[in-house]
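Heads up: the structure comes next, in structure tokens.
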Amino acid sequence: PTGMGVHYPTHAPSAAAAAWAFVILLGGTLAVLALGKKRPACLVGWFWFLGMLVPVSGIVQVGTQSTADRYMYLPIVGLSVAVVWLVADLVEPRRPLMRASAVIACAAIVCLGLGAYRQAACWKSSRTIFEHTLAVTTGNFIMHNNLGVILAQEGKYAEAIAHYREAAAINPRYEDAQGNLGHELLRAGDMEGAYPHLAKAVEIWPYNALFQADLADVLVKQGKFTEAQKPLEQALLLAPEKSQYHSNLGYVLQKLGRLDDAIARYAEAIRLKPDSADAHYNLGMALSAKGRKTEADAEFARAAALDPGYS
């Protein structure tokens, strides 16, 4: 085993490759049909191989991969049967060849075992397998995105952004790369850079709560409160249990002058997460704007108790 990865991007085979595949399949089928009577194992093994290839042939595309190592797990059993029984039939009458074939088989097993051991090292961690897959494939936007996620988790944000950019450049319609790139640019404070990627992500796939919330966050930081309301409401439809989204929508509504609606959102945020200092503080600000000073002071005190930064 060599040059193997965890994901191979979809690509159309060249006309030459398709022609060679047809020739090999046709030639193999004719050969085993000719050998069928004398070598029935070849017939069984070959048609096992062909039959098991049908579900993974790609005639009906499933997923984003064009091929996968796992697609050969069952088909290769048939080829193994054909080869082993054919070799056994050929060498059985010749004792010297039997010994030689045994030595060759043992050597092959050792070599394959060493190759498998080396390949298994690539699976040490998610990062190592993603890096290895990128080294042995081209145009692999999914692996660039996945590696970016791992790098971001490790705090290597600049490297993560580079991989997200590469993924988005390869496939601009890949919403995860667009959204993740926007998320990291938002984290870095680059609102102008984050906006087009987050807007593109929610345009492609509007059912990701984080990307909707991130888009709203960018709009809020740009002072576009009216525009921020819709993505925040969409985020809450997708993830109504998120206290922060309720608090953020409350802030937007407060900025739009809808204090009663804002207070209701802050209250829901606190119900979901009672230790949210941000929600308590924002609720205090909304209550203060309504002239409810006693209640506002109580919320400010709770926020300060939870986070001294609000003192």
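Excluded from the calculations below are hydrogen atoms, water molecules and symmetry mates; all remaining heavy atoms, backbone and side chain alike, are included.
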key: CG-CG distance between Leu181 and Asp176, expressed to the nearest 0.5 angstrom   =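 The distance works out to 12.0 Å.
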task = Please round to the nearest 0.5 Å and tell me the distance separating atom CG of Asn248 and atom CZ of Arg265.
result =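 Reported to 0.5 Å precision, the distance equals 11.5 Å.
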Can any side-chain N or O of [X] pair as donor or acceptor with the backbone N or O of [Y] at less than 3.5 Å?
{"X": "Asn145", "Y": "Phe141", "result": "no"}
{"X": "His280", "Y": "Pro274", "result": "yes"}
{"X": "Ser276", "Y": "Lys273", "result": "no"}
{"X": "Trp85", "Y": "Ser80", "result": "no"}
{"X": "His132", "Y": "Trp123", "result": "no"}
{"X": "Thr133", "Y": "Ile129", "result": "yes"}
{"X": "Ser243", "Y": "Ala269", "result": "yes"}
{"X": "Tyr266", "Y": "Tyr251", "result": "yes"}
{"X": "Thr128", "Y": "Cys122", "result": "yes"}

For [X] and [Y], test the side chains for any donor-to-acceptor distance below 3.5 angstrom and give the result as yes or no.
{"X": "Trp46", "Y": "Thr29", "result": "yes"}
{"X": "Gln212", "Y": "Asn208", "result": "no"}
{"X": "Tyr8", "Y": "Asn140", "result": "no"}
{"X": "Gln178", "Y": "His197", "result": "yes"}

request  = Step by step, work out the side chain to side chain contact (heavy atoms under 4.5 Å, CB included) result for Ile263 and Arg292.
outcome  = CA-CA 12 Å; Ile263 289 170; Arg292 295 159 62 177; 4.0 Å; yes
For the residue pair [X] and [Y], what are the closest heavy atoms and their distance?
{"X": "Pro240", "Y": "Leu272", "result": "O-CD1, 3.6 Å"}
{"X": "Leu185", "Y": "Gly193", "result": "CD1-O, 3.5 Å"}
{"X": "Pro75", "Y": "Leu53", "result": "CG-CD2, 3.9 Å"}
{"X": "Leu232", "Y": "Ala216", "result": "CG-CB, 3.4 Å"}
{"X": "Arg94", "Y": "Leu90", "result": "NH1-O, 2.6 Å"}
{"X": "Gly182", "Y": "Ala194", "result": "O-CB, 3.4 Å"}

task = Using side-chain contact (heavy atoms from CB on, under 4.5 Å) as the criterion, point out the one residue from Gln229, Glu268, Gln254 that pairs with Leu249.
result =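 Of the listed residues Gln229, Glu268, Gln254, the side-chain contact (heavy atoms from CB on, under 4.5 Å) partner of Leu249 is Gln229.
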Taking [X] first and then [Y], would you say they form a salt bridge - that is, a charged N and a carboxylate O separated by under 4.0 Å?
{"X": "Arg187", "Y": "Glu184", "result": "yes"}
{"X": "Lys290", "Y": "Asp260", "result": "yes"}
{"X": "Lys224", "Y": "Glu227", "result": "no"}

key: Worked check of side chain to side chain contact (heavy atoms under 4.5 Å, CB included) between Tyr245 and Leu210   = CA-CA 9 Å; Tyr245 297 171; Leu210 176 61; 4.1 Å; yes
request  = Check the angle between the aromatic planes of Tyr281 and Phe300 and answer parallel, tilted or perpendicular using the 30° and 60° thresholds.
outcome  =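 Ring orientation of Tyr281 relative to Phe300: tilted.
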query = What is the ring orientation for Tyr207 with Trp205, classed by angle as parallel under 30°, tilted 30 to 60°, or perpendicular over 60°?
reply =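 Tyr207 vs Trp205 ring planes: perpendicular.
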ask   = Going hydrophobic residue to hydrophobic residue with side-chain gaps under 4.5 angstrom, can you get from Leu43 over to Trp48?
value =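 Leu43 and Trp48: separate clusters.
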task = Look at the side-chain heavy atoms of Ile, Leu, Val, Met, Phe, Trp and Tyr, link any pair under 4.5 Å apart, and say whether Tyr174 and Val149 land in one connected group.
result =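 Tyr174 and Val149: separate clusters.
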Selection [range] - residue pairs positive for salt bridge (charged side-chain N to carboxylate O under 4.0 Å, His left out), sequence neighbours left out:
{"range": "residues 99-117", "answer": "none"}
{"range": "residues 206-219", "answer": "Asp217-Lys221"}
{"range": "residues 298-311", "answer": "Glu299-Arg302"}
{"range": "residues 136-158", "answer": "Arg127-Glu154, Glu154-Lys156"}

task = Evaluate the criterion side chain to side chain contact (heavy atoms under 4.5 Å, CB included) for residue pair Ile76 and Phe49; output intermediate values, then yes/no.
result = CA-CA 6 Å; Ile76 205 169; Phe49 171 68; over 6 Å; no
inquiry  = Determine whether Val252 and Leu256 satisfy the following criterion, side chain to side chain contact (heavy atoms under 4.5 Å, CB included), listing intermediate values before the conclusion.
reply    = CA-CA 6 Å; Val252 167; Leu256 294 174; 4.0 Å; yes
task = Linking directly or through intermediates, with side-chain heavy atoms under 4.5 Å: list the remaining ILVMFWY members grouped with Trp20, chain and number order.
result =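 Other cluster members: none.
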key: Other ILVMFWY residues reachable from Val91 by side-chain steps of under 4.5 Å   =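 Val83, Val87, Leu97, Met98, listed by chain and number.
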message = Could you check whether atom CD of Glu92 has more than 12 heavy atoms from other residues, nucleotides or ligands sitting under 6.0 Å from it?
response =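 Open.
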query = Just wondering, are more than 12 heavy atoms of other shown residues or ligands nearer than 6.0 Å to CD in Glu241?
reply =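 Result for CD/Glu241: enclosed.
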